[in-house]
Amino acid sequence: MTPKKLLVADDEPNIVISLEYLMKREGYDVLVATDGNQALEAIQREQPALVLLDVMMPGKTGFEVCQAVRADPALDGVRILMLTAKGRETDVRKGLALGANAYMTKPFSTRELVQKVAELLEAAP
């Protein structure tokens, strides 16, 4: 079976390195983007099964990337898990309203993240 493709989109190098390592260890094929524009291009080009999307990024924000993905019918199957240091209720609601499948606040436990990713991919169409 081909490993599921994930995109890690975050502008913080330490987070990118640790998420990439963690997801590869779980058996996923991992792509990386370090700003919102790169993230959107990678999503359109590669159509990953899931995107770990940071909210605060240069170029486009995670909210803008999420909105653009949801506006494109060709990207219907892409799941989005938003990651943010902003845990405010309004941010969570905004992310979910824009079409994110789930939301996690930094810092998060790697075990919780791995579980959430597996849940989202199982629920994928």
| request: Take L113 and L83, measure what side-chain contact (heavy atoms from CB on, under 4.5 Å) needs, and give me the verdict at the end. | output: CA-CA 10 Å; L113 180 65; L83 303 174; 4.1 Å; yes
| task | Apply side-chain contact (heavy atoms from CB on, under 4.5 Å) to the pair E119 and E122, showing each step before the final yes or no. | result | CA-CA 5 Å; E119 278 170 32; E122 279 169 24; 5.6 Å; no
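The heavy-atom pair separating M82 from G95 by the smallest distance is SD-CA, 3.8 Å. Residues T84 and Y103 approach most closely at CG2-CE2, 3.0 Å, considering heavy atoms. In terms of heavy atoms, V16 sits closest to V8 at CA-CG1, 4.2 Å. The minimum heavy-atom distance linking P3 with G27 is given by the pair CB-O, 3.1 Å. Between C66 and A100, the closest heavy-atom pair is SG-N, 3.5 Å. Closest of all the heavy-atom pairs between E64 and G59 is OE1-O, 4.2 Å.
One distance of note links NZ of K60 with CD of Q67; it measures 10.0 Å at 0.5 Å rounding. Rounding to the nearest 0.5 Å gives a distance of 9.0 Å between CG of L98 and CD1 of I80. Going from atom CG of L6 over to atom CG of L121 covers 6.0 Å, rounded to the nearest 0.5 Å. Interatomic distance, CD of E26 versus NZ of K4, reported as 14.5 Å (0.5 Å rounding). In this structure, the separation between CE on M23 and CG on L7 is 12.0 Å, given to the nearest 0.5 Å. Distance check: Q115 CD to S109 OG gives 7.5 Å after rounding to the nearest 0.5 Å.
Distance alone, capped at 3.5 Å, places no donor-acceptor pair between the E20 side chain and the I17 backbone.
Other residues, nucleotides and ligands place no more than 12 heavy atoms under 6.0 Å from the OH atom of Y21.
By the side-chain hydrogen bond (donor to acceptor under 3.5 Å, both in side chains) test, D35 pairs with no residue at all, sequence neighbours left out. The side-chain hydrogen bond (donor to acceptor under 3.5 Å, both in side chains) check on R70 picks up N101, with sequence neighbours excluded.
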Can you list, pair by pair, the side-chain donor-acceptor contacts under 3.5 Å of residues 39-57, counting residues two or more places apart and other chains?
{"from": "E46", "atom 1": "OE1", "to": "K5", "atom 2": "NZ", "distance (Å)": "3.0"}
{"from": "D54", "atom 1": "OD1", "to": "K106", "atom 2": "NZ", "distance (Å)": "3.1"}

